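Working notes, beginning with the structure itself.
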Amino acid sequence: MTITSSHLGSSSAWTDARLLFALEEVVEKELDRHLRVAKDWMPHEYVPWSDGRNFPGIFEDGEAWEKEQSKVTEIGRIALVVNLLTEDNLPSYHHEIATLFGRDGAWGTWVHRWTAEEGRHGIVMRDYLLTSRAVDPDQLERFRMSHMSEGFESDNSHSMLHSVAYVAFQELATRISHRNTGHQSGDPVCDRMLARIAADENLHMIFYRNLLKAAFEIAPDLTMRAVRDVVVDFRMPGHGIPGFERAAAQMAIGEVYNLRIHHDDVLQPVLRFLKIMEIGGLGPEGLRAQEELGLFMGGLNTEAAKFDEKLAARKARLAARAGG
């Protein structure tokens, strides 16, 4: 089966302003759908408040943090810090999308609704981490100040289509990272909290994924090029976090987020939904982008297979040491 997309004017005719106008009706439809299915929830209901106690400072009975107080695993602690610091940069993310998508009409309503929903994630995660003493609070605050002081500038702010393509994948990546962090955390309370956050991220992904599909129908060449660029150059929004590369490597080994997960659970589901390799009606630029995307995915799968082998070998070595 081939999906045929008709060209509505040349690629050069599609400015960001025209694309925003052309997709406004789709945004309104997707916003209505989102509001029907989204469930309100209370961050404070997911926090084990009875576990909380004072830290040193203005309270004379304050108790200093020690690693042994934490219920979460080592990999859970690393991933929780990365995930929370990523959520912390919400003011910068809001600025980026409000500037790009606008503050009026359906686009503006979505921007503000998305921001409000995302705000819950940082609230509940920080309350959980501090109340349960899952992480060092002083280090967490120093990291937050450093990360937010740097701000955030999207790799895709030059293009509305690139931005839509990016968030379609990034929202799913965030959902997967939160969900796997919960599974690896060793704390059922943490797992439930992150499952609730992941449910939000999934709805956000669906919004942008459906918007991306609509973009293919009106500007197939431009959209294909945007998807290719985003997939090839993808990086998580938290890449500026202090020590991110080391933390990312630990999260990869800990099976929170790695090449195999990125390929199988993030890129492939969105590309399959879009039936990306079946889209027809493309011009030369779109066809080239489609071919390059296919080649890249094949190469990424090969790299993921190599990672799988290394990870399996590492597990075998650790098992041998434990048994020996």
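As the structure is a computational prediction, the values presented were derived from the model and not from experiment.
- You'll find the side chain of Arg179 reaches within 4.5 Å of the side chain of Asp191, heavy atoms only.
- Here the shortest heavy-atom pairing between Pro48 and Val189 reads CD-CG1, 4.0 Å.
- Other residues, nucleotides and ligands place no more than 12 heavy atoms under 6.0 Å from the CE atom of Met145.
- The cationic atom of Arg260 (NZ for Lys, CZ for Arg) does not lie both less than 6.0 Å from the six-membered ring centre of Phe307 and within 45° of the ring axis.
- For the side chain to side chain contact (heavy atoms under 4.5 Å, CB included) with Ile218, the lone residue among Thr223, Val26, Leu19 that qualifies is Leu19.
- No hydrogens or angles considered: a donor-acceptor pair under 3.5 Å links the side chains of Glu63 and Gln69.
- At least one donor-acceptor pair under 3.5 Å links the side chain of Trp65 to the backbone N or O of Val135.
- In this structure, Tyr166 contributes its side chain and Arg235 its backbone to a donor-acceptor pair below 3.5 Å.
- Relative ring orientation between Trp110 and His204 is described as perpendicular, the plane-to-plane angle rising above 60° on a 0-90° scale split at 30° and 60°.
- In this structure, the side chains of Glu24 and Leu20 stay at 4.5 Å or more apart for every pair of heavy atoms.
- Note on Leu274: it does not cluster hydrophobically with Leu295, by side-chain heavy-atom contacts below 4.5 Å among ILVMFWY residues.
- Within the 3.5 Å criterion, the main-chain N or O of Gly62 finds no donor-acceptor partner in the side chain of Asn54.
- Salt-bridge annotation for Arg175 and Asp265: absent, with no side-chain N of the basic residue lying under 4.0 Å from a carboxylate O of the acidic one.
- Below 30°, between 30° and 60°, or above 60°: for His178 and His121 the angle between ring planes is above 60°, a perpendicular geometry.
- Across Ser146 and Pro242, no two heavy atoms sit closer than the pair OG-CG, 3.6 Å.
- Within a 6.0 Å sphere centred on CZ of Arg314, other residues, nucleotides and ligands contribute 12 heavy atoms or fewer.
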(request) Could you please spell out the steps behind the side chain to side chain contact (heavy atoms under 4.5 Å, CB included) verdict for Arg113 and Leu35? (result) CA-CA 9 Å; Arg113 173 71 189 200; Leu35 294 176; 3.7 Å; yes
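- Under the 4.5 Å side-chain heavy-atom criterion for Ile, Leu, Val, Met, Phe, Trp and Tyr, Tyr93 and Ile123 are members of distinct hydrophobic clusters.
- Atom CD of Glu30 is separated from atom NZ of Lys213 by 10.0 Å, given to the nearest 0.5 angstrom.
- A donor-acceptor contact closer than 3.5 angstrom is absent between the side chains of Asp16 and Ser159.
- Counting heavy atoms from C-beta on, the side chains of Ile206 and Arg33 come closer than 4.5 Å.
- Both the sub-6.0 Å distance and the 45° axial angle are satisfied by Arg133 relative to the ring of Phe55.
- Taking 4.0 Å as the cut-off between side-chain N and carboxylate O, Glu141 and Arg126 do not count as a salt-bridged pair.
- Looking at every heavy atom in both residues, Pro269 comes nearest to Leu172 through CB-CD2, 4.2 Å.
- Residues Val232 and Ile279 share a hydrophobic cluster, clusters being chains of Ile/Leu/Val/Met/Phe/Trp/Tyr side chains in contact below 4.5 Å.
- Between Leu84 and the choices Val81, Asp88, Leu80, the side chain to side chain contact (heavy atoms under 4.5 Å, CB included) rule is met once, by Asp88.
- Although no hydrogens or angles enter the test, the distance criterion places a donor-acceptor pair under 3.5 Å between the side chain of Ser132 and the main chain of Tyr128.
- Each of His147, Glu150, Arg144, His94 was compared with Asn89 under the side-chain hydrogen bond (donor to acceptor under 3.5 Å, both in side chains) criterion, and only His147 meets it.
- Ion pairing of Lys67 with Asp136 is absent here, as no side-chain N (NZ or NE/NH1/NH2) approaches a carboxylate O to less than 4.0 Å.
- With contacts defined as side-chain heavy-atom distances shorter than 4.5 Å, the pair Met160/Val164 qualifies.
- Not one N or O on the side chain of Asn156 forms a donor-acceptor pair closer than 3.5 Å with the backbone of Ser163.
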(request) Run the numbers on Trp41 and Tyr46 for ring-ring contact (aromatic ring centres under 6.0 Å, His included), then give the verdict. (result) CA-CA 9 Å; Trp41 56 280; Tyr46 288 80; 5.5 Å; yes
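- In this structure, CD1 on Ile197 lies 9.0 Å from CD on Glu118, to the nearest 0.5 angstrom.
- Classification of the His262-Tyr257 ring pair by plane angle, with boundaries at 30° and 60°, yields tilted.
- Residue Leu259 is tested with Leu311, Asn301, Leu300 for a side chain to side chain contact (heavy atoms under 4.5 Å, CB included); the sole match is Leu300.
- By the 4.5 Å heavy-atom criterion applied to side chains, Asp127 and His44 are not counted as neighbours.
- The number of heavy-atom neighbours closer than 6.0 Å to NE2 of His95, taken from other residues, nucleotides and ligands shown, is 12 or below.
- Between the side chains of Gln170 and Thr174, at least one donor N or O lies within less than 3.5 Å of an accepting N or O.
- Taken together through direct or relayed side-chain contacts under 4.5 Å among Ile, Leu, Val, Met, Phe, Trp and Tyr, Phe273 and Leu211 form part of one hydrophobic cluster.
- The closest side-chain heavy-atom distance from Val231 to Val227 is below 4.5 Å.
- Side-chain contact between Val167 and Phe207 is absent, with no heavy atoms from C-beta onward closer than 4.5 Å.
- A donor-acceptor contact closer than 3.5 angstrom links the side chains of His162 and Asp229.
- Taking the charged nitrogens against the carboxylate oxygens, Asp200 and Arg196 do have a contact shorter than 4.0 Å, which makes a salt bridge.
- Not a single donor-acceptor pair under 3.5 Å links the side chain of Glu28 to the backbone N or O of Leu23.
- Within a 6.0 Å radius of CG in Asp32, more than 12 heavy atoms belonging to other residues, nucleotides or ligands are found.
- Using a 4.5 Å cut-off between side-chain heavy atoms of Ile, Leu, Val, Met, Phe, Trp and Tyr, with links allowed through other members, Phe234 and Leu271 fall into the same hydrophobic cluster.
- Atom-to-atom distance recorded for Met277:CE and Gln290:CD is 4.5 Å, nearest 0.5 angstrom.
- Residues Ala289 and Met224 approach most closely at CB-CG, 3.8 Å, considering heavy atoms.
- Between Ile276 and Phe216 there is a side-chain heavy-atom pair separated by less than 4.5 Å.
- The residues Lys306 and Glu309 are annotated as not salt-bridged, no charged nitrogen and carboxylate oxygen being separated by less than 4.0 angstrom.
- Here the options are Val72, Val82, Thr181, the test is side chain to side chain contact (heavy atoms under 4.5 Å, CB included), and the partner is Arg77; only Val72 passes.
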